[in-house]
Amino acid sequence: MRVTAHEASLTQRHLWRSAREAIPVTHTLIVEAEQDGVSGYGEASCFMTDHYNSGLERMHADLRRVAPLLATLDVCGPDGDADTVWQRLAAELPDSPFVLAALDSALHDLRARLLGVPLWKSLGLDRPQNLRSSYSIGLDTLEVMAGKLRERPGWCAYKVKLADPGDLGILRELRRRTDAPFLIDGNCGWTPDRLVPALPHLRDLGVRLIEQPYPRAAWADARSLKEISPIPVIADESITSPDDLHACTGAFHGINVKPMKAGGLTPALAMLRAARERGLLTMLGCMPESAAGVSATAHLGGLVDHLDVDVVDLLAVDTGHGLSLDATGHVTLPDRPGSGYLPDATAHGWSVHHVPAGRARCVRRRVPGCAPDAVDAAPDVVGTALVTSGRAPVTSGAAHPQDDRLGVPVTSGAAHPQDDHPATRHLSALLQGRDVGAVSLYAEEPPAGHDLPDTRPGRARRLYGMATLDEVRGTGVGSALLRTALTVAALDGAETVWAHVPDAALGFYRKHRFDVLGRPLDLPGAGPHHFVHRSTR
């Protein structure tokens with residue numbers, strides 16, 4: 001099995017606010033697991049990064065760390081049982097629930113696709129019927145929140161973020177515009193002295209569910225609220241794993257299960273089944289994520305009382321095609337195996353994605369100093385890895401041929417003999433669907449005299465032609481390309497990545513923990529180049 005990684009940046013249609021935070025853009029890591037020419041997908045969001053250890057750098061590092069284990073997995077082999085595989089991964093990722101979830105979901109998706117069946121069937125579930133999602137209205141001014149409801153009339157329920165449950169003006173205004181039930185969410189930000197007096201008024205305004213009103217640590221307050229509330233109260237932040245289920249049973253009327261937070265579909269399914277056995281209300285929710293993640297979540301929808309998977313409707317961009325929502329929140333699962341998610345490399349949500357060789361060559365041509373003349377002068381020595389900039393030259397001559405699968409122009413560019421080798425990987429940095437940076441990875445040993453420590457033969461990868469356009473310099477595009485390249489190399493079995501880089505780029509590589517080995521080599525027409533290397537761990 002081969003695992004790889006991509007990055008995405010998801011812009012919301014409206015600035016998303018809760019009592020805790022405001023989220024204009026969410027960065028995510030999308031994991032792809034491939035076996036026998038079939039791919040499954042999972043997703044890990046950069047959300048509450050300190051709490052969930054979900055910053056991009058940390059999640060990439062965790063993926064690189066478990067790369068040796070991933071290389072041994074076979075989802076259709078004798079040791080491919082989902083629970084067994086999850087236990088092995090969980091032991092290696094005890095503090096990284098989102099990475100664990102992305103891998104678990106990708107493997108479940110892959111298994112179902114290899115079997116040629118939808119995900120719900122491979123999980124042993126009945127076909128989900130009549131799924132409808134609530135619509136989420138983020139915290140904002142009264143006028144903006146009312147406007148969001150006007151944009152999406154006719155949904156079965158509206159999940160409303162409130163900073164203060166005692167401030168009933170927002171709910172009264174929204175109630176003027178819909179007869180649908182309200183689900184209100186405190187995101188741990190309320191206190192008993194504000195919520196308890198408001199309970200009768202909330203009930204009269206059509207509130208049918210209260211989600212996580214108090215902080216996770218306030219178990220005594222939660223138990224007291226359960227005893228007196230005329231409205232069911234469900235846990236969100238208080239339920240992170242099956243270990244929390246006993247405490248939540250005593251303190252809440254139900255639970256909101258989010259597979260990404262739980263560590264994947266495997267524990268989420270166990271939590272939902274256990275909750276139903278205990279007579280708890282169940283909700284199935286999601287984090288800020290794209291169709292790559294939430295499409296799998298929806299396959300569990302037949303197990304829950306409330307479904308909250310409107311995240312794809314809240315996005316201005318996405319990464320592909322998966323579950324769909326009609327104008328009133330009815331959910332349709334794709335008629336395809338697995339989760340049904342189909343990545344679209346032209347979708348504007350992608351920020352780093354794998355591309356054909358021609359796309360990488362096109363970027364190399366457009367960046368001054370990254371042309372083949374300096375590189376090919378000494379191809380056995382100089383695999384230049386540049387982070388450089390400059391205005392893109394005006395190209396002329398023949399029209400660009402088309403890559404039919406991606407629907408984007410490509411060009412021959414700065415060709416290299418290994419560009420089309422099966423082991424080569426090409427990554428592109430994307431901005432609104434346009435290539436603004438690229439880097440290639442070759443399975444190539446370092447030149448003679450540059451022995452790498454702790455690196456077995458065949459376990460090195462060479463960075464080549466790393467370049468970013470002037471318009472994105474200083475925006476983190478180079479860092480995104482480099483960290484993804486390191487992760488891809490590790491997932492392909494590499495122990496070290498190496499490159500020759502010019503003086504201008506040396507600081508960048510040192511910042512990213514590359515070591516410099518030996519004296520610089522002065523290349524005619526290209527200037528001094530330094531040999532740099534870094535472990536993928």
Side-chain angles (χ1 to χ4, degrees), residues 8 10-14 16 26 41 43 105 109 112 118-121 123 125-138 140 144-161 174-185 206 208-209 211 256-260 265 282-344 346-349:
L10 307 175
T11 306
Q12 308 287 328
R13 284 194 298 109
H14 300 284
W16 180 253
T26 301
Y41 298 88
E43 186 168 4
S105 296
D109 190 22
L119 183 57
W120 57 264
K121 189 169 186 177
L123 293 171
L125 303 175
D126 294 331
R127 180 192 295 271
Q129 301 285 343
N130 301 317
L131 298 181
R132 292 192 72 183
S133 174
S134 57
Y135 182 77
S136 301
I137 299 178
D140 214 308
V144 170
M145 294 177 74
K148 292 177 180 179
L149 193 152
R150 284 196 302 271
E151 289 180 3
R152 294 294 185 268
W155 286 54
C156 66
Y158 292 91
K159 186 174 179 181
V160 183
K161 302 284 186 178
L174 296 179
R175 176 54 65 213
R176 292 179 52 244
R177 303 172 186 276
T178 181
D179 294 326
F182 291 144
L183 322 176
I184 60 173
D185 189 355
R208 297 294 176 259
L209 204 67
E211 183 177 340
N256 182 1
V257 175
K258 298 178 178 178
M260 191 182 297
L265 297 174
T282 52
M283 175 185 281
L284 185 62
C286 53
M287 309 300 261
E289 57 194 272
S290 77
V294 74
S295 294
T297 296
H299 282 256
L300 308 184
L303 295 177
V304 300
D305 302 297
H306 302 278
L307 189 61
D308 183 31
V309 291
D310 63 332
V311 64
V312 293
D313 187 81
L314 300 174
L315 292 175
V317 299
D318 210 330
T319 61
H321 313 285
L323 78 122
S324 60
L325 298 165
D326 72 7
T328 58
H330 285 89
V331 179
T332 300
L333 298 178
D335 187 20
R336 293 186 286 268
S339 71
Y341 169 72
L342 186 65
D344 178 359
T346 66
H348 287 187

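Everything numeric here is computed off the predicted structure, so don't read it as measured data.
Minimum heavy-atom separation, G302 to P128: N-CB, 4.1 Å. Contact detail for H299 and L125: the closest heavy-atom pair is O-CD1, 3.7 Å. Nearest heavy-atom pair, S295 versus A291, reported as atom, atom and distance to 0.1 Å: OG-O, 2.7 Å. For the pair P337 and A112, the tightest heavy-atom approach, listed with the atom from each and the gap, is CB-O, 4.4 Å. Residues R208 and P181 share a closest heavy-atom pair of CG-CB, 3.6 Å.
The side-chain heavy atoms of V311 and M287, taken from C-beta on, include no pair separated by under 4.5 Å. You'll find the side chain of L323 stays beyond 4.5 Å of the side chain of L131, heavy atoms only. Side-chain contact between L174 and Y158: absent, with no pair of heavy atoms (C-beta onward) separated by less than 4.5 Å. With a 4.5 Å cut-off on side-chain heavy atoms, T282 and L303 do not count as touching. The closest side-chain heavy-atom distance from L119 to L333 is not below 4.5 Å. At a threshold of 4.5 Å between non-hydrogen side-chain atoms, the residues L284 and P259 count as touching.
If you take CG on L10 and CG on L314, they are separated by 11.5 Å, rounding to the nearest 0.5 Å. To the nearest 0.5 Å, atom CG of residue L307 and atom CG of residue L300 are 9.5 Å apart. Taking OG of S105 as the start and CE of M260 as the end, the distance is 8.0 Å to the nearest 0.5 Å.
Residue pairs satisfying the salt bridge (charged side-chain N to carboxylate O under 4.0 Å, His left out) criterion with at least one member in residues 303-317, sequence neighbours excluded, are listed as follows: R13-D313, R152-D313, K159-D308.
The main-chain N or O of M283 is never found under 3.5 Å from a side-chain atom of H306 such that the two would form a donor-acceptor pair. Of the possible donor and acceptor atoms, none in the side chain of R150 sits under 3.5 Å from a partner among the backbone N and O of P153. Using modelled atom types, one side-chain atom of R175 and one backbone atom of A180 make a donor-acceptor pair closer than 3.5 Å. One N or O on the side chain of E43 and one on the backbone of S290 form a donor-acceptor pair closer than 3.5 Å. The closest donor-acceptor contact from the side chain of D344 to the backbone of H321 lies at 3.5 Å or more, if one exists at all. In terms of modelled atom types and a separation under 3.5 Å, the side chain of D109 and the main chain of G338 share no donor-acceptor contact. S133 contributes a side-chain N or O that, together with a main-chain N or O of V309, makes up a donor-acceptor pair within less than 3.5 Å. Proximity of a side-chain donor or acceptor of R132 to a complementary backbone N or O of A157 within less than 3.5 Å is not detected.
Y135 pairs by the ring pair (Phe, Tyr, Trp, His ring centres under 6.0 Å) definition with W155, not counting sequence neighbours.
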For T319 and Y341: C-alpha separation, side-chain torsions, deciding distance, then whether side-chain hydrogen bond (donor to acceptor under 3.5 Å, both in side chains) applies. CA-CA 9 Å; T319 61; Y341 169 72; 2.9 Å; yes
Could you go through the side chain to side chain contact (heavy atoms under 4.5 Å, CB included) check for E211 and L183 one step at a time? CA-CA 7 Å; E211 183 177 340; L183 322 176; 6.0 Å; no
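For the residue pair T332 / H330, no side-chain donor-acceptor distance below 3.5 Å is found, with atom types taken as modelled.
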